[in-house]
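Here's the structure, in structure tokens; my notes come after.
Every value quoted in this text rests on a predicted model; they were computed, and no experiment measured them. Along the sequence shown, the residues carry numbers beginning at 1.
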Amino acid sequence: MNKKEDFHPFNLDELEKWMEDYYLDPLSSYLDQITFRIDLYDTEAEIIVEALLTGCVSKDVTVSLKENTVIIKAVKIDETDPIRCGQPCMRKVKLPFSVIKNKVSADFSNEILEIFINKNEAGPGCDRDISIN
């Protein structure tokens, strides 16, 4: 019988503590207001990073992975503020485990970017850009 072992590169208690600290950090709230809002979700199979990218289209959004960090870059098109129109903004989400070792995918729809970090499937283990569906 071939039993596939679960891939868990992190401690679940550590992840829970990190999520609590992330949401209580005043810098997170400040960055939500001046760049774009980010929410984090933890499911049984995945960690989901969700970014609200109002005024963005998918071709202007990039997602990349560096060690334990997810980097989201976007060019916001703000028609009400011509000075900031087309100005890039960026958020980094630093996780308590190596992101590059996990399978990661991303979807963009209705100005919402969702990044799925699989807890059970290994990725290539290198810094990389993630294609957005």
Please determine if D42 and K119 form a salt bridge, counting it only when a charged side-chain N lies under 4.0 Å from a carboxylate O.
yes

Heavy-atom side-chain contact between N102 and F97 under 4.5 Å
yes

Within this structure, what is the CD-OG distance for the pair E111 and S58, rounded to the nearest 0.5 Å?
11.0 Å

Would you find more than 12 non-hydrogen atoms of other residues, nucleotides or ligands less than 6.0 Å from R128 atom CZ?
yes

Would you say that L95 contacts I117 through its side chain, given a criterion of any heavy-atom pair below 4.5 Å between the two side chains?
yes

Check the pair L52 / I112 against side-chain contact (heavy atoms from CB on, under 4.5 Å), numbers first and verdict last.
CA-CA 5 Å; L52 178 60; I112 296 175; 4.0 Å; yes

So, the side chain of E50 versus the backbone of I38: is there a donor-acceptor pair under 3.5 Å, distance only?
no

Would you confirm whether D127, through its side chain, and I100, through its main-chain N or O, come within 3.5 Å as a donor-acceptor pair?
no

Using every non-hydrogen atom in the two residues, find where R91 and F36 come nearest and quote the distance to one decimal.
NH1-O, 2.6 Å

To the nearest 0.5 Å, tell me how far D107 CG sits from I132 CD1.
9.0 Å

Could you give the distance from NZ (K73) to SG (C56), rounded to the nearest 0.5 Å?
14.0 Å

The single option from V63, N133, L53 passing side chain to side chain contact (heavy atoms under 4.5 Å, CB included) against F108
L53

Give a yes or no answer on whether the side chain of N118 reaches the backbone of N120 with a donor-acceptor pair at less than 3.5 Å.
yes

Within the side chain of N68, is there an N or O that forms a donor-acceptor pair under 3.5 Å with the backbone of V99?
no

State, with a plain yes or no, whether a side-chain heavy atom of I72 is found less than 4.5 Å away from one of L113.
yes

Count I, L, V, M, F, W, Y as connected when their side-chain heavy atoms are under 4.5 Å apart, and connections chain through other members. Are L40 and V104 then in the same cluster?
yes

Interatomic distance, T35 atom OG1 to M90 atom CE [nearest 0.5 angstrom]
10.0 Å

Could you go step by step and tell me if V70 and L65 meet the side-chain contact (heavy atoms from CB on, under 4.5 Å) rule?
CA-CA 5 Å; V70 176; L65 306 177; 3.9 Å; yes

Hey, could you give me the CD1/CD1 distance between I115 and I130, rounded to the nearest 0.5 Å?
8.5 Å

Rounded at 0.5 Å granularity, tell me how far NZ in K66 sits from NZ in K94.
14.5 Å

